[in-house]
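Given the structure is predicted, the values throughout are model-derived calculations rather than measurements. Each chain gets a letter, A, B and so on, in the order the sequences are listed, and its residues count up from 1.
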Amino acid sequence: MAYWLFKTEPSTFSLEDLKNRPGMTEHWDGVRNYQARNFLRDRIKAGDGVLIYHSSIPEPAVAGIAEVVREGYPDFTALDPESKYFDPKSSPEKPIWYMVDVRYVETLQRAVTLERIKGNPLLAEMPLVKRSRLSIQPVTPEEWQIILSMGRA
DNA sequence: GCCAACGTTGGC
DNA sequence: GCCAACGTTGGC
């Protein structure tokens with residue numbers, strides 16, 4: 001059981017969209033960064049907790065929680081020439097990109113803004129704070145607990 | 001919309 | 001394998 005933070009631009013896909021999903025699961029596709037890919041392919045398991053973070057908005061914030069329901073498998077959008085995530089270097093035999101499936105769990109009462117995260121010294125080691133653009137990041141159990149308590153307060 | 005950070009590409 | 005050019009991310 002591990003914890004993660006997934007970034008998304010709410011104009012593309014938001015926590016609300018995940019909540020309103022029929023069956024409430026979603027392929028987390030379109031990740032095209034090798035470091036993030038490695039987490040998706042090798043480390044993220046069913047049952048892991050996910051903080052859903054909304055980026056590129058006036059107040060970027062952790063909006064809520066999702067759960068991984070299926071571990072890494074090849075991202076089929078990389079093989080679809082019609083997809084904006086198409087990658088001609090990828091093939092069914094040698095898939096380059098991976099995705100996981102997630103389901104909605106909870107919307108935090110109070111979104112935990114980047115400003116509040118930066119203001120908490122206990123969260124200073126998060127990649128988010130260290131200005132990494134990484135879209136899939138590990139979260140420690142301590143960080144997970146702190147952010148949830150900040151979001152529920 | 002700007003721009004710093006940083007990942008990727010490709011010529012050599 | 002180096003590194004300049006280029007593209008993307010994402011906070012502000």
Legend entry - Rounded distance (Å) that lies between atom P of C:dG7 and atom CG of A:N33: 18 Å
Inset, instruction - Would you please classify the geometry between the A:F39 ring and the A:W4 ring as parallel, tilted or perpendicular, with 30° and 60° separating the classes? - result: tilted
Inset, instruction - Starting from C1' on B:dT9, measure out to CG on A:D87 and report it in whole angstrom. - result: 13 Å
Inset, instruction - Please name the pair of heavy atoms, one in A:R70 and one in A:A46, separated by the smallest distance, quoted to 0.1 Å. - result: N-CB, 4.5 Å
Inset, instruction - Rounded to the nearest angstrom, tell me the gap between atom CD1 in A:I136 and atom C1' in C:dT9. - result: 14 Å
Inset, instruction - Over all heavy atoms of both residues, which pair between A:V62 and A:Y53 is shortest? Give the atoms and the distance, please. - result: N-CD1, 3.8 Å
Inset, instruction - Measure from CD1 on A:I96 to P on B:dT8 and round the result to the nearest Å. - result: 12 Å
Legend entry - N/O (side chain, A:K89) to phosphate O (OP1/OP2, B:dT8) under 4.0 Å: no
Legend entry - Interatomic distance where OH belongs to A:Y34 and C1' belongs to B:dT8 [whole Å]: 9 Å
Inset, instruction - For residues A:I96 and A:S90, report the shortest heavy-atom separation together with the two atoms involved. - result: N-OG, 3.3 Å
Inset, instruction - Rounded off to whole Å, could you give me the CH2-to-C1' distance for the A:W97 and B:dG7 pair? - result: 10 Å
Legend entry - Listed partners of A:S14 passing side chain to side chain donor-acceptor pair (under 3.5 Å), at least two apart: A:D17
Legend entry - Sub-6.0 Å ring centroid separation between A:Y34 and A:W97: yes
Hey, what are the protein-to-nucleotides 10-12 of chain C N/O distances that come in under 3.5 Å?
unit_1, atom_1, unit_2, atom_2, d
C:dG10, OP1, A:K7, NZ, 2.9
C:dG10, OP1, A:R133, O, 2.9
C:dG11, OP1, A:Y53, OH, 2.8
C:dG11, OP2, A:S56, N, 3.1
C:dC12, OP1, A:K118, NZ, 2.9

